[in-house]
Each structure stands twice: as C-alpha cells, then as structure tokens.
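The block underneath contains the structure these notes are about, expressed in structure tokens.
Small disclaimer: the values here were computed from a predicted structure and weren't measured.
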Amino acid sequence: MLDLSRLVATHDLKQVVPEEQLFERWRQTGLQLLSVNVTVDQFFPVAEMRRFALAAQAAGVAHTHVEFDSPYGHLGCLQDTREYAHHLQALLDTPPPDLVMSTPLKNAHA
C-alpha cells in the first residue's frame, strides 16, 4: 500500500505520453484494466478515476471500474475486499494478452 501511494504521488502518465496514445497502445496490446475506488476515499478521488475509466472505455480499452461504499473510508480497499473480489478474480482468470509491441511509445516531452 505504501508503494502504491508513493507511485501515485510521484508519477503522472500524462507527463510521459498523451492519454490518447496510451489508450491506443493498451487497446492494441489487449491490456485489461481494473480500477477500484471507495466512494469516500479522498486520497484516490473517485471522480478522477471514474473520468479516466470512462475515457479509456470510450477509446476501446477493456477497463472495468468498480466503486463501493465502505465504513472504513480509504482503507476500505483493504478491509472490504469482498466488494470487488469477483472482478479481480475475473481479471486474474483472463489469459494474458500478447504483449508484442510494434513501436515504442514516444515521450510527450521529447
């Protein structure tokens, strides 16, 4: 959990590559995403991830987004795993995509 928090605080995919290019690559490789938000979580804002998930889905990315309420607030993702366990199991049961990449991602700031 600490590593995930550090990653979120220090990395921004939009600084690396435009969202449209990222979505295109994810769609091409068959990547499947799962995002899970506790609706009252203030560290990982649900509205921000919801927007990202909807944009990814609109771009054709296989992105499942799950939101749930929890009396544990931010820690609901650790305490209430039953709320999203079946989504995670479905993702884990899906065969991995063929990750052959035809071209490298271009840095947006190059």
Side-chain angles (χ1 to χ4, degrees):
M1 189 67 168
L2 291 175
D3 287 339
L4 179 59
S5 299
R6 196 173 304 116
L7 178 71
V8 169
T10 60
H11 291 75
D12 183 356
L13 288 176
K14 292 178 186 176
Q15 297 296 318
V16 177
V17 65
E19 212 170 66
E20 297 79 22
Q21 188 178 351
L22 186 64
F23 293 158
E24 179 182 345
R25 180 55 52 97
W26 288 349
R27 187 179 59 255
Q28 288 175 351
T29 61
L31 182 70
Q32 294 190 31
L33 298 173
L34 170 63
S35 53
V36 178
N37 278 108
V38 178
T39 56
V40 296
D41 192 337
Q42 294 183 17
F43 188 72
F44 298 110
V46 70
E48 186 177 318
M49 183 49 74
R50 185 184 306 133
R51 186 215 57 80
F52 183 79
L54 290 172
Q57 291 167 351
V61 176
H63 187 153
T64 300
H65 178 71
V66 178
E67 298 175 11
F68 67 95
D69 294 321
S70 173
Y72 301 105
H74 173 74
L75 295 178
C77 63
L78 300 174
Q79 298 292 328
D80 293 325
T81 56
R82 284 179 292 230
E83 296 290 334
Y84 61 91
H86 63 283
H87 294 286
L88 182 57
Q89 189 63 57
L91 180 66
L92 294 172
D93 289 343
T94 303
D98 181 10
L99 296 178
V100 176
M101 296 175 65
S102 58
T103 58
L105 288 175
K106 295 178 184 166
N107 189 318
H109 298 286

In Å and rounded to the nearest 0.5 Å, what is the NE2 to CG distance from H86 to L91? 12.5 Å
Between L31 and L34, is there shared hydrophobic-cluster membership here, with clusters defined by ILVMFWY side-chain heavy atoms closer than 4.5 Å? no
Indicate, with yes or no, if V46 and V38 share a hydrophobic cluster defined by side-chain heavy-atom contacts under 4.5 Å among Ile, Leu, Val, Met, Phe, Trp and Tyr. no
Atom CZ of residue position F43 - does it have more than 12 heavy atoms of other residues, nucleotides or ligands inside 6.0 Å? yes
Can you give me every donor-acceptor pair (side chain of residues 78-85, partner residue at least two apart or in another chain, under 3.5 Å) with its distance?
{"residue": "D80", "atom": "OD2", "partner": "S70", "partner atom": "OG", "Å": "2.4"}
{"residue": "Y84", "atom": "OH", "partner": "C77", "partner atom": "O", "Å": "2.5"}

Among pairs that include at least one residue of residues 53-64, which meet side-chain hydrogen bond (donor to acceptor under 3.5 Å, both in side chains), considering only residues two or more places apart or in two chains? S35-H63
Between atom CD of E24 and atom OG1 of T29, what is the distance when rounded to the nearest 0.5 Å? 10.5 Å
side-chain hydrogen bond (donor to acceptor under 3.5 Å, both in side chains) partners of residues 36-53, not counting sequence neighbours, each pair once: E19-R51, T39-D69, D41-H74, R50-E67
Show the nearest heavy-atom pair for residues H65 and A53, with the distance to one decimal. CB-CB, 3.6 Å
Would you say F52 ends up clustered with F68 if hydrophobic residues are merged whenever their side chains have heavy atoms under 4.5 Å apart, either directly or through other cluster members? no
Do L88 and V66 share a hydrophobic cluster (ILVMFWY, side-chain heavy atoms under 4.5 Å, transitive)? yes
